[in-house]
Structure formats: structure tokens, C-alpha cells
Peer 1: 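Quick one: the structure is below, and I'll ask about it shortly.
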Number of protein chains: 2
Amino acid sequence: MTTEKDSNPLSLDNQICFSLYSAANAMVRAYRPLLNKLDLTYPQYLTMLVLWEHEGISVKTLGDKLHLDSGTLTPLLKRLEGKGLISRGRSEKDERVRVLHITPEGESLRESAMEIPELMRCKVGTPTQSLVQLKSLCDQVYHELAVEKS
Amino acid sequence: MTTEKDSNPLSLDNQICFSLYSAANAMVRAYRPLLNKLDLTYPQYLTMLVLWEHEGISVKTLGDKLHLDSGTLTPLLKRLEGKGLISRGRSEKDERVRVLHITPEGESLRESAMEIPELMRCKVGTPTQSLVQLKSLCDQVYHELAVEKS
DNA sequence: TGTAAGTATATTGTGCACAACTGAATTAAC
DNA sequence: GTTAATTCAGTTGTGCACAATATACTTACA
């Protein structure tokens, strides 16, 4: 038997995007108490992840990796600079580009951050295999929505 | 062979949550051009979906359905009221609760909204079966992260 | 060489998302 | 029945996310 609720395309229960949106919000909420100990927000944490792996990159390159633009990143990076975790230099070759560096304080924060993935993993009982599948599906959807822009 | 990149827990490529976060952002971005025609944002659209299905509910009930709190909803609802799509009355039984109603303008917007799910579906080439799976995994993760609060 | 096109970052303004808090109204305890 | 605890909505302040725009710098090319 098919009820109206099942077939109504405007029913919230049938909206895949709402599930995605709610799960992402819940995920950021779940990170918050862990990241508070590092005095970082989730986007700031992501930024530090990239900078720990790629020293001296530009705002543009960072934005490409995080899928965020300068309107979001510039104030975020200023806040990280204000906390003394990064420095925002200028490229000598090209005066337009900012070159982002980790400070010693930023580098030392890396150790505390090491335990975050494991702590976060404990909050979700979902089997690893399902999470890998979730990641794969999210990446797939992202690329189909992002490529379409061209 | 296992490279450092594969095993580093702080590598962005290994972060399931980053994929979830990026996919959700991309999804909201993809809705934007469609919703601009209705002069709605994505959270406003979600709110209208709920109110089209459940006339006369409270801010609390709406928040429970959308997983959002009054700090987010109060200004959003004022904007919807400002556009003439809803009215924000008071319950007669309990003076604390706001009772949300759809106006005729809000009701007429429903027809234009009917085509949104189909248009959105066209933007994603992912097979329906995969999307159903994605929804199921997102719901699972949401509940595990949300229940844990108690 | 001058100028046009393109690129990198920054600014402004809007709208969430949420924590922390306030105040008013309701309910429960005594 | 008054006090205490709870509940609902709203306010304030911070930090994204993004569109639109501005500005400075670089490159191409006429």
C-alpha cells in the first residue's frame, strides 16, 4: 500500500538532501566539544589539517582543497593568525598571493589534534564499512554537483 | 603498499566527515539557483515543506522536525513572515507558543515548489539506488550523533 | 610600451547555525 | 496557594558560507 506520505515529493521524509544536511550539521555539532579543547572550529580544524600537510600554500590552493572561497577563508585565516597558529606572508614571486605558514604554536597543536579522529570515531557506532561507503557516495555526489558548474 | 597518505589519520583524504561536509555545502549551492526563483533559501524551503504538510504547528515542533533551535528559526520565520508567506500567531491555550500558519501567498508558492525535487534530481547523475543508500547512511549517522546527547 | 584580459586576495552584505542567556508562561511540589 | 522547576520563544554575539564587488598585481598581445 502506498500512502500519500510515501509518494509526496515535497514530504520531508523523502528528501535525501535534508538527510545529508542534517547529518552534516550533527557532525559539526559532535566535533564541537572535542575541538573546543583546541580552541578551533570545524572549518578552522580542516584548515589546520591542510596546512599541517602542505606548508607554504596559497589561499587559492587551500580553497581548492577545502572547496571554499576567499570570502570564507580570509576572515577565518585572520582568526587563526590572531590565535598565533599561522602566519600570512606574501609570495616574493607574485605579490598577489598570500603564503600561509604554520607557526611553532600551530605545529605543537598537531599533537593534540592527533587524538581527534579516534575520539570522533567513538561517537559513531556505524560500522567502518558503512562509513567508507558513505564517504564514497558523498564524494560521488559532490563531484557531480561541482563539475556541473563549468 | 601503504603510503603515509593512506594511513595518516589527519590527512584530509581520509576524513569521512569532510566528504559529508563538502557534499552538504555543494548540495545547498546546487539548490540556490532553483530556489532563487521562489525567493527562498534552502533552510527557508525546508521550513515551507514542513508548514505545507503541518498547518498550525509551533516553533518547537518545527525545530524538532528540522533539527534546528529557536536561535536559528526565529529570525528565519520573521523573514518568511516579512515576505508574506507565513503568519506567526499565538496559541490561545499556551501564551508561550507561536502558532505558524501558511498565508494564501505561501500556499500558492507550493505549486512552483512542486517542480524543485525533479529539477534537483536532474543535477545528480547518481543512480536512485545509491541515493537511497546515501539517505539511509546519513539518517543512521545523524541518529547516532544526536541520541548521544542524552 | 601601453592596454586589455585574467588572476589572487580582500571587502561588504545577507542569512544561517549555534551557544549562552533572558523573560514570560506553565506545571509541579510542597 | 506560593514557590520552584520546567518549557517556549526570543536576543545577543561569534563564526561560517557565499554572492557580488573591488583592488592590486601579472600576463598577453597589439
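When reading the values below, keep in mind they use all heavy atoms of this one structure, side chains included, and skip hydrogens, waters and symmetry mates. Naming: A, B, ... by sequence-line order, numbering from 1 per chain. Predicted model, so just to flag it, every value in this text is computed and none were measured.
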Peer 1: Taking the side chain of Pro43(A) as its heavy atoms from C-beta onward, which of dT11(C), dC8(D), dA17(D) lies nearest to it?
Peer 2: dA17(D)
Peer 1: For the side chain of Asp94(A), starting at C-beta, report the closest nucleotide among dT26(D), dC16(C), dC18(D).
Peer 2: dT26(D)
Peer 1: Between dA5(C) atom P and Arg96(A) atom CZ, what is the distance in whole Å?
Peer 2: 17 Å
Peer 1: Heavy atom of residues 78-89 of chain B under 4.0 Å from DNA chain C: which residues?
Peer 2: Arg79(B)
Peer 1: What is the distance, to the nearest angstrom, from the CG atom on Asn25(A) to the C1' atom on dG15(D)?
Peer 2: 14 Å
Peer 1: Of all the heavy-atom pairs spanning Leu80(A) and Met48(A), show the shortest one and how long it is.
Peer 2: CD1-SD, 4.0 Å
Peer 1: Ignoring hydrogens, what is the shortest heavy-atom contact between Glu144(A) and Gly125(B)? Give both atom names and the distance.
Peer 2: OE1-N, 2.8 Å
Peer 1: Testing the basics here: between Ala113(B) and Pro117(B), what is the closest heavy-atom pair and its distance to 0.1 Å?
Peer 2: O-CD, 3.4 Å
Peer 1: If I take atom CG in residue Leu145(A) and atom C1' in nucleotide dC18(D), what distance separates them, rounded to the nearest angstrom?
Peer 2: 16 Å
Peer 1: Show the nearest heavy-atom pair for residues Lys65(A) and Phe18(B), with the distance to one decimal.
Peer 2: O-CZ, 3.3 Å
Peer 1: Does Leu76(A) reach a base, just sugar-phosphate, or nothing at all? Heavy atoms under 4.0 Å.
Peer 2: sugar-phosphate
Peer 1: Quick one, Arg121(B) with Thr128(B), criterion side-chain hydrogen bond (donor to acceptor under 3.5 Å, both in side chains). Give me CA distance, side-chain angles, the key distance, then yes/no.
Peer 2: CA-CA 9 Å; Arg121(B) 185 65 191 81; Thr128(B) 303; 3.1 Å; yes
Peer 1: Of the candidate nucleotides dA8(C), dC16(D), dC18(C), which contains the atom at the shortest distance from the side chain of Val97(A)?
Peer 2: dA8(C)
Peer 1: Choosing from dA10(C), dC18(D), dA9(D), which nucleotide comes nearest the side chain of Thr74(B)?
Peer 2: dA9(D)
Peer 1: Quick one: side-chain hydrogen bond (donor to acceptor under 3.5 Å, both in side chains) partners of Glu55(A), sequence neighbours excluded?
Peer 2: His101(A)
Peer 1: So which nucleotide from dG10(D), dT9(C), dG15(C) ends up closest to the side chain of Ser70(B)?
Peer 2: dG10(D)
Peer 1: Within the structure shown, what part of the strands sits under 4.0 Å from Thr41(B) by heavy-atom distance: base, sugar-phosphate, or nothing?
Peer 2: sugar-phosphate
Peer 1: With the side chain of Tyr21(B) defined as its heavy atoms from C-beta on, choose the nearest nucleotide among dC16(D), dA17(C), dA8(C).
Peer 2: dC16(D)
Peer 1: Taking the nucleotide of DNA chain C with the nearest heavy atom to each, does Thr72(B) or Thr72(A) sit closer to the 5' end?
Peer 2: Thr72(A)
Peer 1: Which of these nucleotides, dA19(C), dC25(D), dA17(D), is closest to any side-chain atom of Arg32(A)?
Peer 2: dA19(C)
Peer 1: Taking a hydrophobic cluster as the set of Ile, Leu, Val, Met, Phe, Trp and Tyr residues connected by side-chain heavy atoms closer than 4.5 Å, whether directly or through intermediates, do Trp52(B) and Leu66(B) fall within one such cluster?
Peer 2: yes
Peer 1: Assign Leu68(B) to base, sugar-phosphate, or nothing according to its heavy-atom contacts below 4.0 angstrom with the strands shown.
Peer 2: sugar-phosphate
